[in-house]
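These notes are about the structure you will find just below.
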Amino acid sequence: MRGTSSNPWKSVIDFIVEIIAEKTELDRMQIIESLEVPPDPNLGDLATTVSFQLAKIEKKNPALIANKIVEYLEQAAEKEGFIERIESKGPYINIFLNRGALAKFVISCVSELDTDYGKSDSYKGLRALLEYPAVNPSKPWHIGHTRNAVIGDTLGNILEHVGYDVIRLDYINDLGLQIAQITWKLMMDGEPENIEEKYDHFLGKIYVEVQEAFEKFESIEKEIREVSRKLEDLSSSESKHSLKMVTKCVKAQYQTAYRLGIYHDYQVWESAIAHSGLLEIAREKMMECENVVKLEEGEKAGCIVAKLDSIDDFKDMKDPNKVLFRSDGTRTYTGADIALQMWKFGIYPDPFFYQIFEKQPNGEEILRTALEGKKNGIGKVDLVFNVIGTAQAHPQKLVYSILDLLGYEEESQNSHHIAYEFVGLEETDFSGRKGTWIGYTCDEVLDKAKELAYEEVAKRNPDWGEEQNDQVAEQVAVGALRYFMLNASPDRKITFRWEDALDFNGDAAPYLQYSYARATRILEKIDAQENQEGNLSLLSAPQEFELVKAIAKLPEEILEVARGMRKNVWGTGFSSNRITSYSYNLATLFSRFYDSCPVLKAEPGLMAARLELVKSFRTTISNCLSLLGIPVIERM
RNA sequence: GGGCCCGUUGCCUAGUCUGGAUAGGGCGCUAGCCUUCUAAGUUAGAGGUCGCCGGUUCGAAUCCGGCCGGGCCCGCCA
């Protein structure tokens with residue numbers, strides 16, 4: 001193998017497949033599928049189970065076949081420097097790579113690509129629109145919302161890494177009943193002069209109070225419903241009050257998002273949807289379909305419904321006529337969701353105007369939909385990913401199926417529900433209404449994590465000042481929380497326990513950050529002039545070799561996650577935990593290397609080679625951390 | 001009634017799509033390792049009927065069927 005590759009492990013695999021293909025009758029796909037990593041590195045670096053497949057064809061003992069093939073393969077492999085040896089063990093054919101040659105190849109790939117190492121252009125030219133976390137603008141983010149936001153943000157990073165152009169969208173429901181409830185309360189009581197709390201926390205608590213009254217007293221419910229109706233009228237005082245309140249709330253919520261390194265490109269506001277004419281345009285489009293009709297009689301007389309009895313998945317519904325627009329003409333959630341999904345794909349002309357909501361700390365402006373402003377829409381997108389809890393699997397499926405029913409087959413296929421299970425407590429779930437989230441907001445969890453991290457940082461770095469302690473503690477806290485959310489497979493419920501979320505040892509973000517800091521420290525201690533050419537073929541210790549192999553696999557690992565995003569009956573799978581476990585494993589291998597292979601005390605030639613390896617590791621783990629949105633810490 | 005997700009050691013969990021060698025980790029527990037690049041680390045050890053039963057297969061945590069337990073979903077609600 002000559003030169004460098006953006007996917008070194010894949011290059012090694014291709015090389016081996018080529019050799020096997022020359023010596024057997026099997027096609028390349030079969031060979032690729034037969035390749036696996038043996039359970040124990042002592043058995044080899046790669047193995048092939050082609051003997052099982054050949055045994056079926058030739059009707060012979062697989063072990064005998066393996067024995068025979070190995071002889072041929074050894075001859076072929078000898079010509080190139082990449083393979084050390086090939087041996088059979090029973091039916092398995094085990095391949096040992098040349099450690100020095102692989103180290104040389106992998107390290108040159110990483111050093112060439114640097115911060116781009118891990119990226120690929122496999123999906124170049126495709127545009128993906130992601131929606132997350134769409135938290136109601138009436139309360140602070142709790143840890144359930146945090147899971148949504150972190151999954152969405154990380155998914156965006158991964159899609160960007162494999163070549164997608166990614167648009168990050170947030171949805172602001174400023175017309176919901178929850179907003180009416182708070183508006184009612186604030187207009188009655190007047191807004192307090194000095195609110196000491198963060199504004200979203202303040203609203204959240206009011207909301208819990210109002211909700212109680214709302215459920216208890218019919219008269220209050222009636223008043224609030226009236227406020228809700230008035231919110232639809234943009235000239236009403238209720239609407240004007242609510243707009244100020246919601247804007248303030250979203251800005252407060254975004255302070256939390258920014259702490260986590262989460263940014264967006266656009267916001268879609270429900271009030272803009274309601275008054276832009278979007279719903280009317282969408283409704284007309286929908287009614288062009290013969291399966292969307294206005295019912296004349298029966299319980300749903302006057303409603304515009306989608307007839308779903310022809311679709312297998314929905315024929316067991318109580319009534320397969322799904323209401324999209326009520327008899328009074330207003331849209332249902334499903335109706336609005338379909339209209340919005342159509343907008344995302346640009347099925348009809350964009351009716352929105354756009355205004356700057358605010359400038360984010362990353363320097364980028366976030367645009368919100370509005371009724372006046374500039375006409376800079378999102379343009380054509382190929383795929384839409386909605387990050388929504390798994391409880392909404394059925395409604396999401398409805399939206400995509402109806403899209404298909406309307407004739408937008410491709411758009412339906414390209415609609416993805418990224419489903420994740422909820423975060424709960426041992427005894428209860430998080431409920432906005434009951435206020436069970438109090439004490440478990442994202443801000444509180446981050447603050448508590450930071451407090452603990454601060455103690456640790458101060459203990460380890462007695463010479464640091466308060467500012468440096470504080471900064472690192474914040475980075476540790478953010479990393480720990482993001483990792484905690486990503487390391488759980490999205491289809492698994494998270495039971496939130498402080499001792500788990502705040503455990504900074506073992507399988508957690510600080511471990512990764514620490515490995516980076518250690519690598520950085522080694523490199524810092526070397527003066528530039530000592531930078532001599534290292535003989536990379538000296539890197540043959542098992543700890544060095546295992547680290548090299550792990551580094552080599554990053555690009556393929558990211559691609560595997562992207563390829564694994566297939567549609568299922570419940571949504572589209574997204575294995576965020578694969579990236580965390582890859583990164584954890586990489587850091588573990590570095591820790592072992594660190595413990596058993598001294599760098600600065602090694603012989604000059606070996607030292608230079610190990611320095612190169614440390615550099616490669618540092619780049620790779622750094623790229624993993626930025627993919628996961630975990631802050632990189634130089635010293636901790 | 002119908003559909004979906006989960007069940008792996010004291011606790012948390014990877015692996016299940018695409019079957020393959022002794023089922024990986026982490027927490028906790030036990031015993032080592034800092035005069036050596038940051039011990040948020042590392043080495044070793046104890047701990048498992050992969051929910052249960054059956055089937056397919058040379059081979060099943062993984063595929064198929066049937067159960068059991070936990071959660072979620074099937075509104076002109078929000």
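Here is the naming used below: chain letters follow the sequence lines, and residue numbers restart at 1 for every chain.
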Atom-pair distance (CG on A:L43; P on B:U22), nearest Å:
10 Å

Base, sugar-phosphate, or nothing: which does A:F314 touch, judged by heavy atoms less than 4.0 Å apart?
nothing

Counting the atoms with a prime plus P, OP1 and OP2 as sugar-phosphate, which does A:L600 contact under 4.0 Å by heavy atoms, base, sugar-phosphate, or nothing?
base

Got a sec, which residues hit side chain to side chain donor-acceptor pair (under 3.5 Å) with A:Q471, two or more places apart in sequence or on another chain?
none

If you check the A:K525 side chain, which of B:C73, B:C37, B:G75 turns out closest?
B:C37

Kindly give the heavy-atom pair with the smallest separation between A:L539 and A:A609, and that separation in Å.
CD1-O, 3.8 Å

I want to verify a distance call: between B:U42, B:A78, B:G20, whose nearest atom is closest to the A:R433 side chain?
B:A78

Which residue lies toward the 5' end of RNA chain B, A:R225 or A:I494, if each is placed at its nearest nucleotide?
A:I494

Who is the Watson-Crick or G-U wobble partner of B:C27, with both distances under 3.5 Å?
B:G10

Testing the basics here: between A:Y516 and A:I633, what is the closest heavy-atom pair and its distance to 0.1 Å?
CD2-O, 3.2 Å

Please give the distance between the C1' atoms of B:C53 and B:C58 as a whole number of Å.
24 Å

Would you indicate which nucleotide in B:A78, B:G20, B:G41 comes nearest to any side-chain atom of A:S591?
B:G41

From A:R147 atom CZ to A:S576 atom OG, the distance as rounded to the nearest 0.5 Å
7.5 Å

Shortest non-hydrogen separation from A:F617 to A:A519 and the atoms involved
CD2-CB, 3.9 Å

Could you pull out the closest heavy-atom pair between A:Y333 and A:N173, with the gap in Å?
OH-ND2, 3.5 Å

Using the rule for Phe, Tyr, His and the six-membered ring of Trp, do A:Y594 and B:G41 stack at under 5.5 Å and under 30°?
no

Salt bridge (charged side-chain N to carboxylate O under 4.0 Å, His left out) filter on A:K493, not counting sequence neighbours, yields none

Charged N to carboxylate O below 4.0 Å: is that the case for A:E474 and A:K450?
yes

Check whether any side-chain N or O of A:R578 sits under 4.0 Å from OP1 or OP2 of B:C17, and answer yes or no.
no

Check ion pair A:R283-A:E280 (N to O, under 4.0 angstrom):
no

When we call it a touch if two heavy atoms are under 4.0 Å apart, what does A:R618 touch: a base, just sugar-phosphate, or nothing?
nothing

Counting just side-chain N and O atoms, does A:K601 come under 4.0 Å of either OP1 or OP2 of B:U36?
no

Scanning all shown strands, the Watson-Crick or wobble mate of B:U42 with both distances under 3.5 Å is B:G32

pair_partner(B:C4), Watson-Crick or wobble, both distances < 3.5 Å, evaluates to B:G71

Could you check whether the side chain of A:S327 and the base of B:C76 have a donor-acceptor pair of N or O atoms closer than 3.5 Å, going by distance alone?
yes

For nucleotides 2-11 of chain B, give me one character per nucleotide, 5' to 3': B if any protein heavy atom sits under 4.0 Å from the base, S if the only such contacts are to the sugar-phosphate, - if neither.
S-SSSS----

Looking at residues at least two apart in the chain, or sitting in another chain, which of them share a salt bridge (charged side-chain N to carboxylate O under 4.0 Å, His left out) with A:E226?
A:R229

Counting the atoms with a prime plus P, OP1 and OP2 as sugar-phosphate, which does A:P62 contact under 4.0 Å by heavy atoms, base, sugar-phosphate, or nothing?
nothing

Under 4.0 Å, counting only non-hydrogen atoms across every strand here, what does A:K459 touch: a base, just sugar-phosphate, or nothing?
nothing

B:U43, B:G75, B:C76: which one has an atom nearest the side-chain heavy atoms of A:V323?
B:C76

Is the base of B:G25 stacked against the aromatic ring of A:Y584, taking ring centres under 5.5 Å apart and planes under 30° as the test?
no

Near RNA chain B, which residues from residues 471-488 of chain A have a heavy atom under 4.0 Å away?
none

Would you classify A:N173 as touching base, sugar-phosphate or nothing, given that sugar-phosphate means primed atoms plus P, OP1 and OP2, and contacts are heavy atoms under 4.0 Å?
nothing

Between A:H142 and A:F430 (judged by ring centroids, cut-off 6.0 Å), do the two rings come close enough to count as a pair?
yes

What does A:F325 touch in the nucleic acid at a heavy-atom separation under 4.0 angstrom: a base, only the sugar-phosphate, or nothing?
nothing

Give A:V457 one of three labels, base, sugar-phosphate or nothing, depending on what nucleic acid heavy atoms sit under 4.0 Å from its own.
base

Taking only the side-chain heavy atoms of A:Y92 (C-beta and beyond), determine which of B:C37, B:C76, B:G20 contains the nearest atom.
B:G20

A:E612 bridged to A:K615 by N-O distance under 4.0 Å:
yes

Which residues, if any, of residues 499-513 of chain A bring a heavy atom under 4.0 Å of RNA chain B?
A:D503, A:F504, A:N505, A:G506, A:D507, A:P510, A:Y511

Using OP1 and OP2 only, check whether a side-chain N or O of A:R518 sits under 4.0 Å from B:A39.
yes

Using atom CG of A:D595 as one end and atom P of B:U36 as the other, report the distance to the nearest whole Å.
13 Å

Between B:A21, B:C76, B:U43, spot the one nearest the side chain of A:K300, thanks.
B:C76

Would B:C34 be called syn or anti here, given the cut-off of 90° from 0?
syn

Where A:S431 and A:W437 come nearest, the two heavy atoms and their spacing:
O-CD1, 3.2 Å

Scan A:R566 against the nucleic acid and name what it touches under 4.0 Å (heavy atoms): base, sugar-phosphate only, or nothing.
base

So what does A:Q178 hit on the nucleic acid, given a heavy-atom distance under 4.0 Å: a base, only sugar-phosphate, or nothing?
nothing

Tell me the partner of B:C63, counting only Watson-Crick (N1-N3 plus N6-O4 or O6-N4) or G-U wobble (N1-O2 and O6-N3) with both under 3.5 Å; none if nothing fits.
B:G55

Output the rounded distance in Å from CD (A:Q30) to P (B:U18).
16 Å

Check whether any side-chain heavy atom of A:N386 lies under 4.5 Å from a side-chain heavy atom of A:I418, and answer yes or no.
no

Does NZ or CZ of A:K448 fall inside the cone over A:W498's six-membered ring, less than 6.0 Å from its centre and within 45° of the axis?
yes

Remember a base hit wins even if backbone is also touched, and classify A:T495 as base, sugar-phosphate or nothing at under 4.0 Å, heavy atoms.
nothing

Considering every strand and a 4.0 Å limit on heavy-atom distances, what is the contact class for A:N577: base, sugar-phosphate, or nothing?
sugar-phosphate

Let me know the distance between CD1 of A:I93 and P of B:A21, rounded to the nearest Å.
16 Å

